[in-house]
A.B. asks: 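Pasting a structure below so you can have a look.
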Amino acid sequence: MKNELRLPAVEVRQSPGRKLYSFAVDGKLVHHFATISRVSRTEEGSLHGYQRPEVLSHIEEIRNYLESPSPMVPNAIVLAFDSRVRFEPMKGASPSDYAHPGFIIIPLEENLPDERKPGFIVDGQQRLAAIREATIECFPVCVTAFITNDVSQQTEQFILVNSTKPLPKGLIYELLPKTTAQLPSLLNRRRLPAQLLERLNLDISSPLRGMIHTATNPTGLIKDNSILKMLENSLSDGALYKFRRAGSLEADVEPILELLRNYWMAASRVFAAAWALPPKKSRLMHGAGIVSMGFIMDAITDRLHDTHIPTAMQYEADLQPLKEICHWTAGYWDFGGGQQRKWNELQNTSKDIELLANYLIAQYKNRVWNRTAKAVKVGRAARR
């Protein structure tokens with residue numbers, strides 16, 4: 001194999017500082033200079049990579065098609081190169097306002113480990129896997145590439161390319177905290193909740209550390225979407241709203257995390273028998289429980305509005321009166337009016353979440369808020 005691959009290409013200037021390179025290459029060669037960067041986390045907890053696992057059944061279907069008499073794959077592969085790859089303009093060529101013909105030069109090295117290859121596959125990993133495994137001599141593919149040493153740019157392009165495809169939502173949400181680009185409105189709104197989720201799942205001081213199920217933490221007990229809903233509700237008009245920056249989707253993260261740590265630490269103490277169990281054994285760890293308990297967090301914080309960030313002990317004191325009426329792991333919920341539900345009949349639906357949240361809030365106001373207000377009123381009268 002030669003030390004470098006020199007391919008005819010066109011450089012396209014799309015916007016200031018943004019250049020794309022279009023060229024064709026034998027698909028069986030791509031794995032020599034580009035790798036799939038699968039999502040994983042280091043031992044320190046930092047996110048590495050951005051690709052989804054290969055889907056074997058889909059690859060097999062593509063391979064069968066490639067081995068047919070006259071296959072055609074018009075979709076371009078998208079690659080991200082680091083600065084070891086360069087573009088050399090063609091001498092004497094007459095470029096247009098935005099396109100320049102030349103050569104893309106890719107360094108090649110035998111037996112280079114994946115992590116040292118100059119290219120990453122942003123889109124098209126299954127097509128390339130099928131080409132690599134197909135019993136054909138070669139199969140040229142169209143490639144669109146960009147050159148950057150910034151992993152966040154590669155991640156952003158991966159999200160944008162795949163956000164309209166059937167991509168696991170959890171994977172996209174886990175990648176969001178590492179991006180800064182303007183994304184579709186739904187993803188922009190979820191960037192801050194995703195950042196908070198990541199910290200809750202990774203910080204040593206978090207009572208939820210390692211408990212949230214994500215693409216890189218498949219053994220987590222609590223579904224990431226349940227945590228995101230809880231955070232979104234509170235950021236919208238609950239306890240976390242006051243930390244948001246005016247006219248922005250951003251917020252002061254550290255005080256938010258302090259409040260969340262304090263509250264969920266208190267919840268883990270008060271409901272210790274239901275904590276850290278699979279959702280099938282504890283509805284506290286279930287979507288209905290997590291989202292409903294988020295509304296109680298908002299209610300307690302509202303009652304303690306004179307305190308900037310309530311302590312874990314303050315949250316614990318307000319949660320304690322609810323312990324006897326919560327049936328997270330056994331028994332029946334008594335919602336009043338003759339309506340009873342077995343503990344494990346509560347589902348992660350908007351109807352059941354609303355039923356449970358309204359019940360818990362009513363009980364909280366009756367057992368804590370109203371009694372506290374009455375005690376304060378009596379105390380004031382006694383001092384007169």
Side-chain angles (χ1 to χ4, degrees), residues 1 4-14 18-39 49-68 70-87 99 101-109 112 114-151 153-168 171-172 175:
M1 187 179 293
E4 62 183 26
L5 196 60
R6 185 183 179 91
L7 301 168
V10 175
E11 180 188 74
V12 180
R13 294 181 292 279
Q14 281 195 321
R18 298 281 192 170
K19 297 176 181 178
L20 293 177
Y21 301 93
S22 182
F23 58 94
V25 66
D26 182 359
K28 285 188 173 289
L29 289 178
V30 173
H31 74 277
H32 289 293
F33 57 81
T35 184
I36 296 166
S37 185
R38 286 189 177 85
V39 171
Y50 50 86
Q51 269 285 15
R52 52 183 162 175
E54 293 178 359
V55 181
L56 296 180
S57 60
H58 190 205
I59 291 173
E60 185 64 23
E61 290 176 359
I62 300 172
R63 176 183 173 177
N64 291 337
Y65 170 69
L66 291 170
E67 292 174 350
S68 67
S70 252
M72 181 174 72
V73 179
N75 305 65
I77 305 298
V78 180
L79 301 179
F81 288 123
D82 63 30
S83 57
R84 287 174 289 175
V85 174
R86 66 188 192 277
F87 176 78
F103 298 90
I104 193 86
I105 301 170
I106 306 168
L108 293 176
E109 185 177 335
L112 194 65
D114 281 352
E115 64 270 17
R116 292 184 54 201
K117 290 178 181 178
F120 297 92
I121 303 167
V122 175
D123 188 49
Q125 66 172 115
Q126 293 170 29
R127 279 166 279 160
L128 288 171
I131 292 170
R132 185 176 65 242
E133 295 174 11
T135 54
I136 51 178
E137 282 191 20
C138 71
F139 192 86
V141 291
C142 298
V143 174
T144 298
F146 57 98
I147 298 174
T148 179
N149 287 324
D150 187 351
V151 175
Q153 284 189 32
Q154 299 172 6
T155 303
E156 289 158 8
Q157 290 305 312
F158 173 70
I159 291 176
L160 291 170
V161 166
N162 288 285
S163 61
T164 59
K165 297 182 179 182
L167 188 71
L171 174 54
I172 289 182
L175 294 170

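One is the number of the first residue; the rest follow in order along the sequence. The basis for the numbers below is simple: all heavy atoms, side chains too, and nothing from hydrogens, waters or symmetry mates.
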A.B. asks: Can you list the residues that meet the side-chain hydrogen bond (donor to acceptor under 3.5 Å, both in side chains) rule with K28, with sequence neighbours excluded?
C.D. replies: none
A.B. asks: Who are the side chain to side chain contact (heavy atoms under 4.5 Å, CB included) partners of A145, not counting sequence neighbours?
C.D. replies: F23, L79, F81, V143
A.B. asks: I'd like to check the salt bridge (charged side-chain N to carboxylate O under 4.0 Å, His left out) partners of D114; sequence neighbours left out, ordered by chain and number.
C.D. replies: K117
A.B. asks: Looking at residues at least two apart in the chain, or sitting in another chain, which of them share a side chain to side chain contact (heavy atoms under 4.5 Å, CB included) with S83?
C.D. replies: N149
A.B. asks: Going by ring-ring contact (aromatic ring centres under 6.0 Å, His included), name the residues that satisfy it together with F139, two or more places apart in sequence or in a different chain.
C.D. replies: none
A.B. asks: A quick test of your reading: do over 12 heavy atoms of other residues, nucleotides or ligands sit less than 6.0 Å from CD of E115?
C.D. replies: yes
A.B. asks: Determine the sole option in I131, V141, L66 for which the side chain to side chain contact (heavy atoms under 4.5 Å, CB included) test with V73 is passed.
C.D. replies: L66
A.B. asks: Would you call P107 and V85 a side-chain contact if the rule is heavy atoms closer than 4.5 Å?
C.D. replies: yes
A.B. asks: Return the set of residues passing ring-ring contact (aromatic ring centres under 6.0 Å, His included) with F87 (not counting sequence neighbours), or none when no residue passes.
C.D. replies: Y21
A.B. asks: Can you tell me how far apart CD1 (I106) and CD1 (I104) are? Round to the nearest 0.5 Å.
C.D. replies: 6.0 Å
A.B. asks: With sequence neighbours excluded, what pairs up with T148 under the side chain to side chain contact (heavy atoms under 4.5 Å, CB included) test?
C.D. replies: F146, D150, Q153, Q154
A.B. asks: By side-chain hydrogen bond (donor to acceptor under 3.5 Å, both in side chains), which residues pair with D82, not counting sequence neighbours?
C.D. replies: R84
A.B. asks: If you round to the nearest 0.5 Å, how far is CD1 of I36 from CD1 of I121?
C.D. replies: 4.5 Å
A.B. asks: So, the side chain of E67 versus the backbone of A134: is there a donor-acceptor pair under 3.5 Å, distance only?
C.D. replies: no
A.B. asks: What pairs with E61 under side-chain hydrogen bond (donor to acceptor under 3.5 Å, both in side chains), at least two apart in sequence or on another chain?
C.D. replies: none
A.B. asks: Let's go through L5 and V25 carefully: what are the C-alpha distance in whole Å and the side-chain angles of both, what is the deciding distance for side chain to side chain contact (heavy atoms under 4.5 Å, CB included) to 0.1 Å, and is it a yes or a no?
C.D. replies: CA-CA 10 Å; L5 196 60; V25 66; 4.0 Å; yes
A.B. asks: Would you name the heavy atoms of F103 and R6 that are closest together and state the gap between them?
C.D. replies: CD1-NH2, 3.8 Å
A.B. asks: Name all residues meeting the side-chain hydrogen bond (donor to acceptor under 3.5 Å, both in side chains) criterion together with R86; count only those two or more places apart in sequence or in a different chain, and write none if there are none.
C.D. replies: none
A.B. asks: Quick check for you: to the nearest 0.5 Å, what is the distance between Y65 atom OH and M72 atom CE?
C.D. replies: 6.0 Å
A.B. asks: What distance do L108 atom CG and H32 atom NE2 have between them, rounded to the nearest 0.5 Å?
C.D. replies: 8.0 Å
A.B. asks: Any chance you could measure R132, atom CZ, to L128, atom CG, to the nearest 0.5 Å?
C.D. replies: 8.0 Å
A.B. asks: Using modelled atom types only, decide if a donor and an acceptor are shared between the side chain of R127 and the backbone of N75 within a distance under 3.5 Å.
C.D. replies: yes
A.B. asks: Side chain to side chain contact (heavy atoms under 4.5 Å, CB included) with Q14: which residues, sequence neighbours excluded?
C.D. replies: V12, L20
